[in-house]
Amino acid sequence: MERSRERGEERERWRRVSIAGLQWAMDRPDSVCPVIWCSGLWTLKPSVKVAPLMISVSSFAAASLHNKLYVIGGGPNGKLATDKTQCYDPSTNKWSVKSPMPVEAKCINAVSFHDHIYVVGGAMKALYSYNPLDDSWSLVTKFSHERASCGIAACCNKIFITGGRDERNEVIATVLCWNVETGKLTEECVLPRGVSHHSSVTIRKSYTHIRRIVTGAVSV
């Protein structure tokens with residue numbers, strides 16, 4: 001039982017992003033390394049030495065796109081936030097600084113979708129999109145409340161934003177949905193309980209077991 005708990009803690013301390021067939025993990029503000037999942041444990045890949053981040057951050061968003069790793073925003077210390085976008089190229093083992101976010105933010109999350117990286121969370125009250133092809137940022141849509149430390153995932157040509165914490169630091173249970181085709185933001189459903197400081201991944205296309213929201217019942 002104790003060993004099982006220790007394994008769980010070891011897995012949870014890594015922030016993981018998949019790129020180029022490897023899982024890339026960040027366990028310290030300036031540390032990035034490729035890891036391998038084997039027999040229920042995360043292990044370092046000793047043959048690869050990854051260059052450190054150009055700007056040390058924590059509570060950042062991370063996503064991979066076009067075989068590159070992006071570390072977005074975060075806090076250089078416990079109080080401040082940054083707007084920096086750092087890009088790692090595994091083929092050269094080098095980092096570069098890209099166009100900054102429109103706002104400084106930490107406690108954020110990101111997902112790659114349709115050649116863009118969507119970023120949400122922190123105190124932004126908005127969903128932003130980054131286009132690596134022309135190194136540009138754009139505002140996708142605004143929210144009426146903060147969703148710090150929320151989750152984000154893409155499914156069925158839509159982007160789902162789960163949970164988080166509002167400006168009163170109260171946990172959120174609703175799920176927002178951004179429809180890329182219609183350009184509309186809706187509240188889709190209510191989670192069994194509020195969540196924050198979590199990640200969301202797409203493993204199935206149905207969420208019918210979650211209670212749907214009654215139209216107009218809750219404000220986004």
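Atoms SG and CD1, on Cys150 and Ile161 in that order, are 6.0 Å from each other to the nearest 0.5 Å.
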Practice task
Run the numbers on Phe160 and Glu188 for side chain to side chain contact (heavy atoms under 4.5 Å, CB included), then give the verdict.
Solution key: CA-CA 9 Å; Phe160 293 87; Glu188 286 293 292; 4.0 Å; yes
Practice task
Report the C-alpha separation of Ile108 and Phe60 in whole Å, then their side-chain angles, then the decisive distance to 0.1 Å, and conclude whether the side chain to side chain contact (heavy atoms under 4.5 Å, CB included) test is met.
Solution key: CA-CA 6 Å; Ile108 56 180; Phe60 51 84; 5.5 Å; no
Exercise for the section: Could you go through the side chain to side chain contact (heavy atoms under 4.5 Å, CB included) check for Ile159 and Ile152 one step at a time? Expected result: CA-CA 7 Å; Ile159 294 175; Ile152 183 171; 3.6 Å; yes
Practice task
Evaluate the criterion side chain to side chain contact (heavy atoms under 4.5 Å, CB included) for residue pair Arg165 and His197; output intermediate values, then yes/no.
Solution key: CA-CA 9 Å; Arg165 289 184 176 270; His197 299 85; 3.9 Å; yes
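Scored by the side-chain contact (heavy atoms from CB on, under 4.5 Å) test, Ser91 finds Asp89 as partners (sequence neighbours excluded). Partners of Arg193 by salt bridge (charged side-chain N to carboxylate O under 4.0 Å, His left out), not counting sequence neighbours: none found. With sequence neighbours excluded, the residues forming a side-chain contact (heavy atoms from CB on, under 4.5 Å) with Pro102 are Tyr128, Trp137, listed by chain and number. Shown here are the side-chain contact (heavy atoms from CB on, under 4.5 Å) partners of Ser138, two or more places apart in sequence or in another chain: Ser129. Every residue two or more places apart in sequence or in another chain that forms a side-chain contact (heavy atoms from CB on, under 4.5 Å) with Ile172 is listed here: Arg147, Asp166, Thr174. Every residue two or more places apart in sequence or in another chain was checked for a salt bridge (charged side-chain N to carboxylate O under 4.0 Å, His left out) with Asp135, and none qualifies.
A continuous path of ILVMFWY side-chain contacts below 4.5 Å connects Tyr70 to Val103, so both sit in one hydrophobic cluster.
Across every non-hydrogen atom of Ser200 and Ala153, the tightest pair is O-CB, 3.7 Å. For Gly163 against Leu191, the heavy-atom pair with the smallest separation is N-CD1, 4.2 Å.
Side chain to side chain, His198 and Asn109 fail the donor-acceptor criterion of an N or O pair below 3.5 Å.
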